[in-house]
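Each remark here refers to the structure printed beneath this line.
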There are 2 protein chains.
Amino acid sequence: MKLSTKSEYACLALIELAEHYGSGWVTIEDIARRQHIPKKYLENIMLIMNRAGYLISKRGIHGGYQLSKEPGSISIAEIVRLMDGALAPVRSVSKYYYEHTPITQNKRLLSLMADIRDYIANKLEKTTFKDLTG
Amino acid sequence: MKLSTKSEYACLALIELAEHYGSGWVTIEDIARRQHIPKKYLENIMLIMNRAGYLISKRGIHGGYQLSKEPGSISIAEIVRLMDGALAPVRSVSKYYYEHTPITQNKRLLSLMADIRDYIANKLEKTTFKDLTG
DNA sequence: CACAAAGTCTATCAAATTAGTAGACAATTT
DNA sequence: AAATTGTCTACTAATTTGATAGACTTTGTG
């Protein structure tokens, strides 16, 4: 896996929004300040999540972002996949990002990696942003 | 985690040596051919494992490599750590390669990642090259 | 209406990492 | 002496990562 800071920032930003779910708009500036994220970088990240349908945005004064759906309905897996791609340790056991890799031929290594993939995917799919707030 | 091809190649090479354990020298050329690894690249990889004490080498005609110890005493975790560093999805939950990362502050995210780290580490530490042969 | 405060969008960039290659050298056997 | 095999260091090209820059658009307020 190896999460990029992009994934880490994205999760932190969504946690921030999850904690303000149902109580108006939160600006990039606020999120950046509270979570110590470079503002300009966060802009890009928010844009990606917005386009992917996780956010609602509003421009202008008193604008900002909100989650487009309940924190309990967004899994960490979705966000990490959106930002970083495959959850699997090697692409040759990835469900959504399959690709040939050197170990493709070796059944035992493959099954070892598949077990890891399953654990990670299951864990991150079961955990939602509701679970990370409160 | 995200294994590099370097780790993948290293594992394949060790499996090859594990299968010839106790029966003489195996050349880089043979391993490269059988496992479809670029020979020159494999040279570097073997050198790293040699220096780390996993291999015995012999130069000249009829030379090659052997495992320096039983396949059952070398874990996949050791080799992946040697090649790629941390097994953890984020350094901030890494035991041997700890480093501050953006989520360091967030206890729930941290514990989620720690669970993943534990599963991976445990799995790869329990699996040896003996388990991958036969 | 003007202006300030937001988000939007595309491009660019520097540093690090990855995946390899090149070539000279050293040791060993025949 | 020659062939074979490992050793070592350096280099490189492509990709990814972690941003930054700047122009643009929308929205609310006085």
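Every value quoted in this text rests on a predicted model; they were computed, and no experiment measured them. Quick note: numbers below take in every heavy atom, side chains included, and nothing from hydrogens, waters or symmetry partners. Chain naming here is simple, since letters A, B, ... match the order of the sequence lines and numbering starts at 1 in each.
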Nearest-neighbour nucleotide for the B/T27 side chain, D/dT5, C/dT8, D/dT29 considered: D/dT5
Given C/dC9, C/dA6, C/dA19, the nucleotide with the shortest approach to the side chain of A/E43: C/dC9
Residue-phosphate contact under 4.0 Å: B/T5 side-chain N/O, C/dG20 OP1/OP2: yes
N/O donor-acceptor pair, side chain B/K40 with base C/dG23, under 3.5 angstrom: yes
Distance below 4.0 Å between B/K2 side-chain N/O and D/dT16 OP1 or OP2: no
Separation of C/dG20 P from B/I28 CD1 (nearest whole Å): 15 Å
Length of the NE2-P vector between A/H36 and D/dG18, whole Å: 19 Å
Exam field: side chain A/R33 to backbone A/I28, donor-acceptor pair closer than 3.5 Å: no
Any B/S57 side-chain N or O less than 4.0 Å from OP1/OP2 of D/dT7: yes
Heavy-atom donor-acceptor pair, A/D84 side-chain to D/dT17 base, under 3.5 Å: no
Atom pair CD/CG of B/E16 and B/L14 - distance to nearest 0.5 Å: 10.5 Å
Touch class at under 4.0 angstrom, heavy-atom based, for A/N44 against every strand present: base
Exercise: do A/E78 and A/S75 side chains pair donor with acceptor under 3.5 Å: yes
salt_bridge(A/K123, B/D115) N-O dist < 4.0 Å: yes
Selection from C/dA19, D/dT20, C/dG7 that lies nearest to any side-chain heavy atom of A/R59: C/dG7
